[in-house]
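Below: one structure, written as C-alpha cells.
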Amino acid sequence: MPIDIDIAHVAKLARIELSEQDMASYRAQLGVILDHAAKVQALPTEGVQPTSHPLDMVNAFRDDVVTPSLDRDEVLSQAPDATDGFFRVPPSLDNE
Amino acid sequence: MNWEPVIGIEVHVELETASKMFCGCAVDFEAEPNTNVCPVCLGLPGALPVPNRKAIEWITKIGLAFNCSISERSQFHRKNYFYSDQPKNYQISQFDVPVCHDGWLDVTVAGATSRIRINRAHMEEDTGKSIHVGDSGRIHSATETLLNFNRAGVPLVEIVSEADIRSAAQARAYAQDLRTVVTALGVSDAKLEEGSIRFDANVSIRPVGTEPFGTKVEVKNMNSFRSLERAVDYEIRRQEGVLESGGIVHQETRHWDEGEGVTHSMRSKEGSSDYRYFPEPDLLPIEVTDEWRDEIAATLPEMPAARALRYVALGADGDSASSLAGSEALATLFESAVEAGAPGNVVANWLTGEVTAWSRRESLDVAESALTGKHLRDLAAMVAANSLSSTAAKEVLGYVLAGEGGPAEVATAHDLVQISDSGALEEAVDEVIADNAEQFARLAGGEDKLIGFFVGLVMRVTGGKADPRAVTEILRSRIS
Ligand SMILES: [Zn+2]
C-alpha cells in the first residue's frame, strides 16, 4: 500500500504545474520512493551514528581570502533580462 | 482582562569577513551591483560551497559572548524556498544542530534585571537585495524587481532568543545590549539603518497568570531601536484589541510601517516543514573541538557589562558607564583620560554629554574628532584650578572637538580663561571697594543684597574673567 502524498502541495512547493494525469502518475512514483524510505527507516539503527555524508571527514574550510569574482557583463548576458547592472525579474511579492 | 506580552527576538547579524561564507567573493556593500558574484553565490549548476573558517570562528565567539554552549559537531542544512533574491532556491542554514545553543543575556530596564535565554545562534548565508520598482514605490504595486547578488552568500548569524521578553521596553533593551556586545566583538559593523543587523520580533499575548502561549505574530521591518519598541508596543495593543473584541489572532508575518505607526499583514507564515530542511550534501560537518573553542575564547574582549562596572569604579555614574562601555570611541577616550589622571566623573559627564551631542550634531564619529584623553585631562585640570568655569569648559570642549587645538590654547584664543591668580583678583576687589566706599559701608553694615552689586562690578572690571565664587569669598573676607 503506497504512502499517501498531497501531490498538489508538493507541486506547489516545487513551483511546477501538473495536469491531473501527471499528478496521478507522480503520486504513484513518489509513493514507491517513500515506501523504500520507510523500509530503510524500519532498519534497526540502535548504536549507529547518524550520518549525512559518505565521507568520514569534518572541517573542510577555506581561509578568509578574497578571490576574483566573475565579469558582470558576462554574468548578466546569461540572464533572460537585465538592466543597469541588475538582473530584472517579474515583480516578486511573496511565496504565493 | 489583563494581558501579558510574550516576546521572542530573532536577530540577524552580517559578519564583516573579507570574503563571503562559501566563496571568495568580497563582502563589500559599496560595490557596484552584481560585481561580487561567482558561480557559488549565484547558485550556478555544479558549483561547490566551501565554508569560511573565520566565519565559524566568529560565530563561536558570538556564542561564547552570549554564554552559549558550543556544539562539538554541527552541520549545515538546506532551507528550501522560492524567492527571487535567493539564487539557489534554497538557503544554506542550520537546522537541528546549530553551532551555538543555550546561552543568555542579562537585560536591565528601569533598574530591574532579567535574564533572557538565548535558544541558539546558527550560521547561514544572506540573500541578495531586491529593489521593487513601481509607481508608488510600494512592494504591492511593483511592476518589476531588480536584483543585486553582492549580498548573496554573505555570512549571516541568526541569534534566536527564548520567548522570555515581557515588554516592548525590554525588547528594545535586549536588542540594544545584544548589538553592543556584537559591536564589541568586532565581528560586524552592526548598523541597523544599513541592515547589517536586523531584528524581528515574535509577539503574542496571554491572560496574566496563565501559562499557554497565545498565537504568535512575527513583526519585521524595524530599522531603529525606537521603531522596534514602537512596533512591539503597537502589536501588543493590536492583539489586545482583537482578543477583547472576541476576534482571533492569526499566525502571520506583519510589516511595521514607520510612517503610519502600524503593522500590516504580509502573508501566512509557512510551516517549518514546508521549508523541507535536509542535510546539505555538499558540506562536511563542522567540529569545534574544546581546544579550538578555548583558543577562540581567549580572543574575547572585555564584555560591555563588565566594562561598565569597571567604569563605575573609576567614578562614572551607572548610566554614563553603560553608554561609555557601549562605544569603542568613548571608552577609549575615557580610559586614556582617566589613565592620564583626570577625574572619572567629570570626564564621563563630558563624554556622554557635550561630546556625544557634538557627534550627533556633526554626524561624525567621536573617533574622527581631534579630541584626546590628554585634552580631557588638561581641561579637567583647568576647571579644578579655577582657570575655567564649568560653562566655559564646555565651550572649550567644542573648540577642541572641532580641531582648533588643545584646551589651554583654545581657551586663550577665545578669551575664556578666568583670573585664578588670587593676588590679581584681590587687587580688583579692593579697587572696586575703594571706588564705592559708601555702598561697601552699607554692605558691611548688614545690607547683604549689595554683595551682588560688588560681584557684578568686579566682573565688569575683569572683563567677565573672574570666578564669581572667588570674588564673593574675597568680599566676605573684607567685611569681617
Ligand atoms: Zn561568490
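Just so it is clear, the model here is predicted, and its values are computed rather than measured. Proteins come first, then strands; the chains are lettered A, B, ... in the order of their sequence lines, and each starts at number 1.
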Please look at [X] and chain A and tell me whether the side chain, the backbone, both or neither of the residue comes under 4.5 angstrom of a heavy atom of that chain.
X: B:Phe278; answer: neither
X: B:Gln75; answer: side chain
X: B:Ile131; answer: side chain

Measuring only between side-chain heavy atoms, which start at C-beta, is [X] closer than 4.5 Å to [Y]?
X: A:Gln78; Y: B:Leu44; answer: no
X: B:Trp292; Y: A:Asn59; answer: yes
X: B:Asn34; Y: A:Val75; answer: no
X: B:Ile286; Y: A:Phe61; answer: yes
X: B:Glu144; Y: A:Val89; answer: no
X: A:Arg62; Y: B:Ser19; answer: yes

### Task
May I have the step-by-step check of side chain to side chain contact (heavy atoms under 4.5 Å, CB included) for B:Val37 and A:Ser69, ending in yes or no?
CA-CA 5 Å; B:Val37 295; A:Ser69 297; 5.5 Å; no

Please say whether more than 12 non-hydrogen atoms of neighbouring residues, nucleotides or ligands are located less than 6.0 Å from [atom1] in [X].
X: B:Lys54; atom1: NZ; answer: no
X: A:Tyr26; atom1: OH; answer: no
X: A:Asp56; atom1: CG; answer: no

### Message
Under a 3.5 Å distance rule, please check whether A:Arg72 uses its side chain to pair with a backbone N or O of B:Pro33 as donor and acceptor.
### Response
yes

Rounded to the nearest 0.5 Å, how far does [atom2] of [Y] lie from [atom1] of [X]?
X: A:Leu13; Y: B:Tyr81; atom1: CG; atom2: OH; answer: 14.5 Å
X: B:Glu287; Y: A:Met57; atom1: CD; atom2: CE; answer: 12.0 Å
X: B:Leu42; Y: A:Leu70; atom1: CG; atom2: CG; answer: 6.5 Å

### Message
So which residue, A:Val58, A:Leu55, A:Leu76, ends up with the most heavy-atom pairs under 4.5 Å with chain B?
### Response
A:Val58

#### Entry: Interchain contact, A:Ala82 with chain B, by part (heavy-atom threshold 4.5 Å)
neither

### Query
Which answer fits A:Asp84, side chain, backbone, both or neither, if we ask what part of it has an atom under 4.5 Å from a heavy atom of chain B?
backbone

### Task
State, without any angle test, whether B:Thr145 and A:Arg88 hold a side-chain donor-acceptor pair at a distance under 3.5 Å.
no

### Query
Which one of B:Asn148, B:Leu147, B:Leu146 satisfies the side-chain contact (heavy atoms from CB on, under 4.5 Å) criterion with A:Phe87?
B:Leu147

#### Entry: Carboxylate-amine/guanidinium contact A:Asp64 B:Arg53, below 4.0 Å
no

### Task
Return the minimal non-hydrogen interatomic distance between A:Ala60 and B:Pro51, and the atom names on each side.
O-CD, 3.2 Å

### Query
Between B:Gly24, B:Gly128, B:Pro281, B:Cys23, which has the largest tally of heavy atom pairs under 4.5 Å with chain A?
B:Gly24

### Task
Give the member of B:Pro285, B:Pro39, B:Cys38 that has the highest number of heavy-atom pairs under 4.5 Å with chain A.
B:Pro285

